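All values below come from the heavy atoms of this structure, side chains included, with hydrogens, waters and symmetry mates left out. Quick caveat, the model's predicted, so the values are computed rather than measured. Letters A, B, ... are given to chains in the order of the sequence lines, protein chains preceding strands, and every chain is numbered from 1.
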Amino acid sequence: MDTVFKKPHALVDVSMHYCPGCTHGIVHRLIAEVIDELDIEGKTIGISPVGCTYNNYEYFNCDMVQAAHGRAPAVATGVKRVNPDNVVFAYQGDGDLAAIGTAEIVHAATRGEKITVIFVNNAIYGMTSGQMAPTTLINQVTTTSPLGRNPELHGYPINVCELLATLEGAVYIERVSMHDIKNIKNAKKAIKKAFQVQMANLGFSIVEVLSSCPTNWGLNPVESLKWIQDKMIPVYPLGNFKGKDLEV
Amino acid sequence: MADQQIIMAGFGGQGILSAGRILAYAGMLENKNVSWLPSYGPEMRGGTANCNVIISDEVIGSPILNTATTLIVMNGPSLDKFENAVESGGIIIKDSSLVQRTPERKDVEVYGVPATETAFNMGNPAFANIILLGKLIALTNIVSKENFEVALKKTLPSKKHSLIPVEMKALEFGMQY
Amino acid sequence: MGEKLLMKGNEVIAEAALRAGCRHYFGYPITPQTEIAHYLAKKMPELGGTFIQAESEVAAINMVYGAASAGARVLTSSSSPGISLKQEGLSYIAGAELPAVVVNIVRCGPGLGGILPAQCDYFQAVKGGGHGDYKMVVLAPSSVQELYELTVEAFNIADRYRIVSMIMGDGILGQMMESVEFKDVENIDKADKSWATTGTQMKREHNTTTSIYIQPEVLEKHNQKLQAKYRLIEEKETRVESYNCEDADIIVTAFGTVARIVKNVIKMAQKEGIKVGLIRPITLWPFPTAEYEKYADVPKAFLSVELNAGQMVEDVKMAVNGKKPVYFHGRMGGMIPTQKEILDKIKEILNK
């Protein structure tokens, strides 16, 4: 019988610890499939963040470096500058990248570091139990915005792709979503292109992935996917922001 | 003299720090222990510059000078600031082109050399510092003229080496004055 | 040995790092250590190395973390407020057992303080400035020649134990020029770095650099391993210079710049018939406790002279362990004690 579906080689054969309906696992799989397809597992270094995916170094078969909260782009910079032939990706959540690590992401992009950032935006802090994130939507209830995010008190959601697109050093920027099969397929294409941009030494690449957090959103998995589509995408429009026509 | 502790002070741009460095280098060529310490505090942004140079037969303890055997000053405020730091029996060399006041101390030797005016007449006011070092060398024999010339070569960038003969003339003037 | 050169302390640190095979520097400007960055900004590209002026000290130390994880000899340098910002990264580097060299050209605090010489970061350096039970090897040179030798050694120690070596100096050491002689060939240890995250090349299991251990049993074991390493370093890497201690009336402890001043005090005191000894810790951690055990019966008292309100004196007291009285004399805020001031303090103690 032909094998039509199997675990990518770049993923370790263990069960992941993520909650039911969480899309982190899918994002991991897409990254691993891309690593397999580009045949770069032996020279890929991943940077694990702080957040729900703090220990994703247990899930990837390539070398991994666990970073402090928000510092993954700086750590990735150090790794890449020592061995420029390595393919280096940083995996970051919204609190990690868009709050505590704002300086690091902006300046890694500014320098045009030849690294790839996979930015998982689920509009909430998952690991620390549902606090307001910089990407939390207006009126969204979280444990630290119990009456809903109020711009008067909490300011507005931050659009990372649009922000980074103003920087010369960031050459490939795309926002994708995990809410259905078609978009997951698109997401893989974007992740692959982001890696290829790095391998072609063109500059900094980032893919923002709209992702679900049923546990902290208080929704079931199906409702969560619908919430991405109905609530998040209007605020965080999908598509390419930079580098669509880059030859890789 | 076996041990010289020199404070050099003036405005930024008068070559105070580089003069100190050349002197320290020449001292090193004499096989003496040397140290050079610039003022690096906020005052360096305020237009004044000073440095401490020690040339000694002994191992140098602190490179910071609370007192000095010699004070070389290229402006009035520096004389005001450091006059009392000179040890009794020590030396004050002032650029008399720029420092009008006569030191009040009666227990030190005072020499005025019109360094800036002379350097200007020689065609390069930047060599006033070298003229003053000439006076110091004549008074103390702390380094030889030959080693001073080598130190110039070692501390100046090569594109400025063509100026060394003129600088040696400036040194000679200071030594003879 | 090569030619005798006259060089600034900060430039010597930079040159020593290059000679030790360091080709990666990440830093952020702060007075009074910026000449290190100036020197390396020029030299690193010539040597095919990396110089990055980071967006902050926080970013710089995390770049150090990444580069160290990738197996490189890596340097960062800063001064007190910047070193405070690096504490997070230093704790992670300690936890992940990575080798790195950090220079702290200490200025006076607290807060923005001032840029003149101080030793007020002693506690931060030797007691673990960041969170968690960890140690750094802290080297305290007192001359420009020693800045060179100890910077090279700092890289060797860092690699040997997978630990952070800190060079702790002050603005005087960083800014002063003194003669220095470089060796023709450096003594560079070749450490095993099979743990580095350089890519599996599909030939080995994947390597992981991490400081997180969620299981308490595992984390306790990890801590025990770190502590065993620290005990080994205490045994093998303690460095100290003792001077005139054999028949001293009083033994002074001082490091770095202050030790130079005390050496002059010793000469002054000799002329007055007072025998002053000096214990100069070259490693502030590990502290040379055994040296005090050796000399505890010799003097009438011990005195610690520091550019702070009394920090190392606590380690001196622990080392003397109640056998003799321990006194302290310190200046703060960039003020430097004069030789006479120290001698007066010595006389005051001996006349008690």
Side-chain angles (χ1 to χ4, degrees), chain B residues 2-3 5-6 8 16-46 49-68 84-85 87 143 147-148 150-157, chain C residues 3-10 31-35 79 105 107-108 112-117 142-146 170-181 243 254 256-268 278 280 305 307 331 333-342:
Chain B
D3 202 357
Q5 297 155 358
I6 304 149
M8 304 187 66
I16 293 289
L17 301 186
S18 58
R21 206 155 54 222
I22 297 161
L23 187 64
Y25 212 110
M28 187 176 78
L29 296 172
E30 302 273 342
N31 278 323
K32 300 197 182 227
N33 294 299
V34 298
S35 70
W36 171 93
L37 181 73
S39 55
Y40 68 93
E43 74 266 22
M44 71 183 269
R45 275 91 181 172
N50 70 72
C51 65
N52 295 175
V53 176
I54 301 176
I55 301 178
S56 175
D57 290 328
E58 311 257 333
V59 172
I60 294 169
S62 169
I64 309 158
L65 295 177
N66 303 114
T67 61
N84 286 328
E87 288 170 8
V143 298
N147 276 333
F148 190 86
V150 178
L152 278 174
K153 278 187 194 130
K154 290 283 184 183
T155 52
L156 290 175
Chain C
E3 186 191 356
K4 221 187 220 184
L5 300 168
L6 186 70
M7 281 179 81
K8 229 179 191 192
N10 282 335
T31 308
Q33 60 77 46
T34 13
E35 290 87 355
S79 292
I105 300 298
R107 46 191 263 181
C108 349
L112 213 41
I115 60 174
L116 292 172
S142 79
S143 68
V144 170
Q145 181 70 30
E146 210 176 38
D170 60 34
I172 292 175
L173 274 177
Q175 295 295 324
M176 79 186 286
M177 280 188 162
E178 244 182 350
S179 67
V180 57
E181 280 178 72
Y243 186 70
T257 304
V258 183
R260 300 174 66 113
I261 301 172
V262 172
K263 282 190 181 169
N264 287 0
V265 172
I266 291 173
K267 277 184 237 155
M268 280 175 81
L278 170 68
R280 177 173 75 92
V305 184
L307 302 181
R331 296 296 298 265
M335 298 299 291
I336 309 288
T338 63
Q339 295 163 33
K340 182 174 178 303
E341 179 183 330
I342 298 170

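- Nearest approach of N264(C) to G61(B), heavy atoms of both residues: OD1-CA, 3.3 Å.
- With rounding to the nearest 0.5 Å, the separation of CG in N33(B) from OG in S179(C) is 6.5 Å.
- Looking at V59(B), only its backbone comes within 4.5 Å of chain C, counting heavy atoms on both sides.
- The structure places OG of S35(B) at 4.5 Å from CE of M176(C), a figure rounded to the nearest 0.5 Å.
- One finds no salt bridge joining K263(C) and E58(B) here, because no Lys/Arg side-chain nitrogen approaches an Asp/Glu carboxylate oxygen to under 4.0 Å.
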N31(B) and K4(C): side-chain contact (heavy atoms from CB on, under 4.5 Å), yes or no, with the steps? CA-CA 10 Å; N31(B) 278 323; K4(C) 221 187 220 184; 4.2 Å; yes

Derivation and outcome, side-chain contact (heavy atoms from CB on, under 4.5 Å), residues W36(B) and K8(C): CA-CA 9 Å; W36(B) 171 93; K8(C) 229 179 191 192; 3.8 Å; yes

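- Taking CZ from R21(B) and CE from M177(C), the interatomic distance works out to 4.5 Å, rounded to the nearest 0.5 Å.
- Every side chain to side chain contact (heavy atoms under 4.5 Å, CB included) that A254(C) has, sequence neighbours left out, goes to V258(C), A259(C), V262(C), L278(C).
- Considering every non-hydrogen atom in both A24(B) and L6(C), the closest pair reads CB-CD2, 3.8 Å.
- Between chain B and the residues G9(C), G114(C), P117(C), the most heavy-atom pairs under 4.5 angstrom are made by P117(C).
- Partners of S142(C) under the side chain to side chain contact (heavy atoms under 4.5 Å, CB included) rule, at least two apart in sequence or in another chain, are E146(C), R260(C), R280(C).
- When each of V265(C), T257(C), I336(C), L5(C) is checked for heavy-atom pairs under 4.5 Å with chain B, L5(C) comes out on top.
- When T155(B), I54(B), I64(B) are compared by the number of non-hydrogen pairs under 4.5 Å with chain C, I64(B) comes out ahead.
- Counting heavy atoms of neighbouring residues, nucleotides and ligands inside a 6.0 Å radius, atom NZ of K340(C) does not exceed 12 of them.
- Residues S62(B) and I261(C) approach most closely at CB-CG1, 3.3 Å, considering heavy atoms.
- When side chains are defined from C-beta on, L37(B) counts as touching Q175(C), because their heavy atoms get closer than 4.5 Å.
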